[in-house]
Each structure stands twice: as C-alpha cells, then as structure tokens.
Amino acid sequence: MFGKIADTAREKLFLESGIYIEGNRVMTIENCERIEEYNDIFMQMISGGLVVRVWGNDLRAYDFRTRGLVVRGKIAQIEFTERKEMSLNETAEKAESDRTGQRTL
C-alpha cells in the first residue's frame, strides 16, 4: 500500500528519474539522490525508485549539486534495477548469511 502511494506521489511531484543519453559519451540523470559507488570504470547511483549502474572507461561525475548528475566518459553498459528488488535481494542474502554464519563482502 505504501509503495503504491510513494510511486503515485513521485509521479505527481515530477520526482521520477529522467535519463538522457548522448551517444556513448554523456549521460544525464535527473533527480539523482546520491552516488553510492564511484570510480573511473563503475558508478552506482540512486535516482527516484531506481538503482542505476554504469560501466565504462574514464567515467567522471559533474553537476551533482543541482540534484541531477552528468556522467561523462566512454559508457559501455548501463543497468537499471528497482530499489524494491534490490532491498529484497539484500534481505534474502542477509537471512542466508545469518543462517549459515557466513558473510559475503
């Protein structure tokens, strides 16, 4: 129930992710909430209800202060995962590691 309300609110308040790609050199992500991981070959960001992963070479982040993000470099692959799915996978992995006593890094 809460998820549906949150999705509707995001849509009505224009908080959905807007993603624009220019060739394989520039990607602009609107409503980027945070950068979770960043180096010159991989970036992971949270934007709206999505986790956005980018692989490539010489990746750089620009203009993060405007709640948008411009990624420049040679982009090889982009992956989108819903945040709900990611949370469910993390919960399942934690339950399995608690059961077996083994932690994955």
Side-chain angles (χ1 to χ4, degrees):
M1 172 87 175
F2 178 74
K4 187 171 183 172
I5 294 170
D7 289 344
T8 303
R10 231 189 257 106
E11 182 181 324
K12 298 295 181 190
L13 297 173
F14 301 103
L15 298 176
E16 285 291 326
S17 303
I19 299 173
Y20 307 95
I21 301 169
E22 300 171 35
N24 70 334
R25 296 285 182 178
V26 179
M27 181 171 91
T28 305
I29 305 170
E30 294 179 348
N31 296 318
C32 184
E33 296 172 24
R34 70 179 178 264
I35 300 171
E36 291 194 324
E37 192 172 334
Y38 173 25
N39 59 49
D40 65 335
I41 60 170
F42 175 74
M43 295 179 74
Q44 179 171 305
M45 294 80 61
I46 301 294
S47 180
L50 293 174
V51 176
V52 181
R53 294 180 184 98
V54 180
W55 288 268
N57 292 315
D58 300 321
L59 299 178
R60 300 283 180 251
Y62 297 93
D63 296 332
F64 186 66
R65 289 177 287 169
T66 61
R67 264 195 78 93
L69 179 68
V70 177
V71 177
R72 295 180 191 271
K74 188 174 181 184
I75 299 169
Q77 181 178 344
I78 303 168
E79 177 183 305
F80 305 101
T81 305
E82 288 190 33
R83 287 173 72 180
K84 295 172 197 168
E85 289 177 18
M86 187 173 150
S87 295
L88 290 174
N89 290 338
E90 288 175 351
T91 302
E93 287 174 6
K94 183 178 182 313
E96 178 65 20
S97 68
D98 288 346
R99 185 180 67 76
T100 62
Q102 297 175 352
R103 295 257 177 205
T104 56
L105 300 176

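Residues: numbered from 1 along the sequence shown. Just the heavy atoms: all of them, side chains too, but no hydrogens, waters or symmetry mates, feed the values below. Just so you know, these numbers come straight off a predicted model, no measurement behind them.
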Where is the tightest heavy-atom contact between Glu30 and Ser47, given as atom of each residue plus distance?
O-OG, 3.0 Å
I'd like to check the side-chain contact (heavy atoms from CB on, under 4.5 Å) partners of Ile41; sequence neighbours left out, ordered by chain and number.
Asn39, Asn57
NZ on Lys74 to CG on Leu59, rounded to 0.5 Å:
11.5 Å
Do Ile78 and Ile21 come within less than 4.5 Å of each other through their side chains, counting heavy atoms only?
yes
CD/Glu37 to CE/Met43 distance, rounded to the nearest 0.5 angstrom?
10.5 Å
Members sharing Tyr20's hydrophobic cluster, built from side-chain contacts under 4.5 Å between Ile, Leu, Val, Met, Phe, Trp and Tyr, are none
Decide whether Phe42 and Val71 are clustered together by the hydrophobic rule: side chain heavy atoms of Ile, Leu, Val, Met, Phe, Trp, Tyr closer than 4.5 Å, transitively.
no
What's the spacing between Ile46 CD1 and Leu69 CG if we round to 0.5 Å?
12.5 Å
How long is the gap from CG on Leu50 to CD1 on Ile29, to the nearest 0.5 Å?
9.5 Å
Those residues at least two apart in sequence (or on a different chain) that pass side-chain contact (heavy atoms from CB on, under 4.5 Å) with Arg72 are Val26, Tyr62, Val70
Glu79: salt bridge (Lys or Arg N to Asp or Glu O under 4.0 Å) partners, not counting sequence neighbours:
Arg53
Passes side-chain contact (heavy atoms from CB on, under 4.5 Å), Gln44 versus Val54? Steps please.
CA-CA 6 Å; Gln44 179 171 305; Val54 180; over 6 Å; no
Nearest 0.5 angstrom please: Ile75 CD1 to Met27 CE, how far?
5.5 Å
